[in-house]
Protein chains: 2
Amino acid sequence: MSRTNVVGDALAQLSFLVYGTLERLAAEHGLSIPQARLLGILRDRTPTMIELAKLLSLDKSSITGLVSRAERRGLVKRTPSATDRRSTTVRLTRNGRALVSRAATQFETQVSAFLDCLQPSERGHLTNLASRILAAHASSRDIDLFPATRPDAPHR
Amino acid sequence: MSRTNVVGDALAQLSFLVYGTLERLAAEHGLSIPQARLLGILRDRTPTMIELAKLLSLDKSSITGLVSRAERRGLVKRTPSATDRRSTTVRLTRNGRALVSRAATQFETQVSAFLDCLQPSERGHLTNLASRILAAHASSRDIDLFPATRPDAPHR
DNA sequence: TATTGTTATACTCTATAACTATA
DNA sequence: TATAGTTATAGAGTATAACAATA
């Protein structure tokens with residue numbers, strides 16, 4: 001990271017700080033980053049295996065193992081699709097939801113802790129800037145950030 | 001990562017975006033994230049295996065394989081320590097240095113591209129906020145993917 | 001024929017424990 | 001004894017290719 005790329009450098013380092021925080025926190029709950037991401041996605045979605053593959057940018061064969069390991073631990077559950085007998089939907093169990101809720105709360109606490117050096121209004125501004133970067137990127141890739149608010153997302 | 005965890009959600013997703021960018025970019029060069037981190041560290045250091053373990057927060061036994069795979073590809077080289085016959089120092093080869101330099105340049109370009117959706121003044125504000133967070137934690141964590149390099153110190 | 005999901009396979013990455021060589 | 005490094009082993013995570021069941 002050179003001096004000529006101050007913005008990119010700061011963004012990258014901030015991202016690594018947050019990523020590392022999430023990684024350590026997930027580990028305290030016996031979760032890897034992929035497992036934590038899976039549970040995080042399932043908090044407000046009930047996707048099929050294929051949809052999970054797209055959301056996580058992984059091959060469908062990788063999803064099989066990821067979901068199976070989570071299922072073996074009782075954190076998620078496979079359910080046959082009602083409309084397509086080829087499809088399987090994945091959802092959190094009660095235990096899985098409790099775990100991801102605890103972890104998310106702690107994560108929020110830790111992130112807030114290292115935002116202590118900012119004023120409340122600055123924290124809001126940071127959230128706003130981050131959200132806009134994400135929105136711009138998501139729209140450029142046709143990814144659905146808030147599926148619950150979209151009634152009928154057409155598939156490509 | 002629910003909607004109520006606004007700050008944590010936005011920062012977590014932003015970190016996945018940046019991390020994923022590095023992952024894809026590294027993959028284009030045939031590198032994994034751990035391999036990229038290894039090469040990044042070696043850009044301005046010639047550590048022993050034990051020192052690498054500390055820098056990467058990995059067990060020494062993990063370093064053995066990491067370095068061996070990089071060495072097999074001709075990217076790094078093991079050299080016996082001159083002062084301690086138990087020790088091995090690791091350094092980049094010419095090819096390894098060329099590879100990590102190309103990758104780092106591309107990474108900077110892509111991260112900068114995320115910021116195109118912001119106004120220049122907003123980019124400045126983001127830099128300010130991120131830098132202050134990082135400064136408050138400068139000593140707490142060493143993610144160190146591509147360590148901030150001095151202006152243009154010549155490598156030997 | 002196309003899509004959904006799993007299986008078989010191979011590789012990287014990681015840690016723990018046991019080991020060798022050197023200090 | 002203590003430290004540096006490797007090896008043996010086990011498991012998670014990932015992709016590719018081949019496959020079965022369903023659309």
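Below, all heavy atoms of this structure are taken into account, side chains as well, without hydrogens, waters or symmetry copies. Sequence lines set the chain letters: A, B, ... in the order given, protein chains first and strands last, and positions in each chain run from 1.
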Whether the side chain of B:Thr93 engages the backbone of B:Gly74 through a donor-acceptor N/O pair (distance < 3.5 Å, no angle test) should be reported.
yes
Give a yes or no on whether a donor-acceptor pair under 3.5 Å exists between the nucleobase atoms of D:dT3, that is its base, and the side chain of B:Arg86. yes
In whole angstroms, the gap separating C1' of D:dA8 from CG of B:Asp59 amounts to 14 Å
Here the distance between atom C1' of D:dA12 and atom CD1 of B:Ile33, to the nearest Å, is 17 Å
Closest of D:dA12, C:dT14, C:dT7 to the A:Thr64 side chain is C:dT7
Original post:
Heavy atoms under 4.0 Å, any strand shown: does A:Ser87 hit a base, just sugar-phosphate, or nothing?
Top reply: sugar-phosphate
In whole angstroms, the gap separating P of C:dT4 from NZ of A:Lys54 amounts to 11 Å
B:Lys60 NZ to D:dT7 C1', in whole Å, measures 12 Å
Could you check whether any side-chain heavy atom of B:Leu56 comes within less than 4.5 Å of a side-chain heavy atom of B:Leu66, counting everything from C-beta outward? yes
Check: With a non-hydrogen cut-off below 4.0 angstrom, is B:Thr88 in contact with a base, only sugar-phosphate, or nothing?
Finding: sugar-phosphate
The side chain to side chain donor-acceptor pair (under 3.5 Å) partner of B:Asp59 among B:Ser62, B:Ser61, B:Ser57 is B:Ser61
Discussion item. Under 4.0 Å, counting only non-hydrogen atoms across every strand here, what does A:Arg37 touch: a base, just sugar-phosphate, or nothing?
Written reply: nothing
Can you tell me whether the side chain of B:Ser61 and the base of C:dT16 have a donor-acceptor pair closer than 3.5 Å? yes
Margin query: Counting the atoms with a prime plus P, OP1 and OP2 as sugar-phosphate, which does A:Leu58 contact under 4.0 Å by heavy atoms, base, sugar-phosphate, or nothing?
Written below: sugar-phosphate
- Query: Under 4.0 Å between a side-chain N or O of A:Arg85 and OP1 or OP2 of D:dA23?
  - Reply: yes
Applying a 4.0 Å non-hydrogen cut-off, can you work out what B:Thr48 is touching in the nucleic acid: base, sugar-phosphate, or nothing? sugar-phosphate
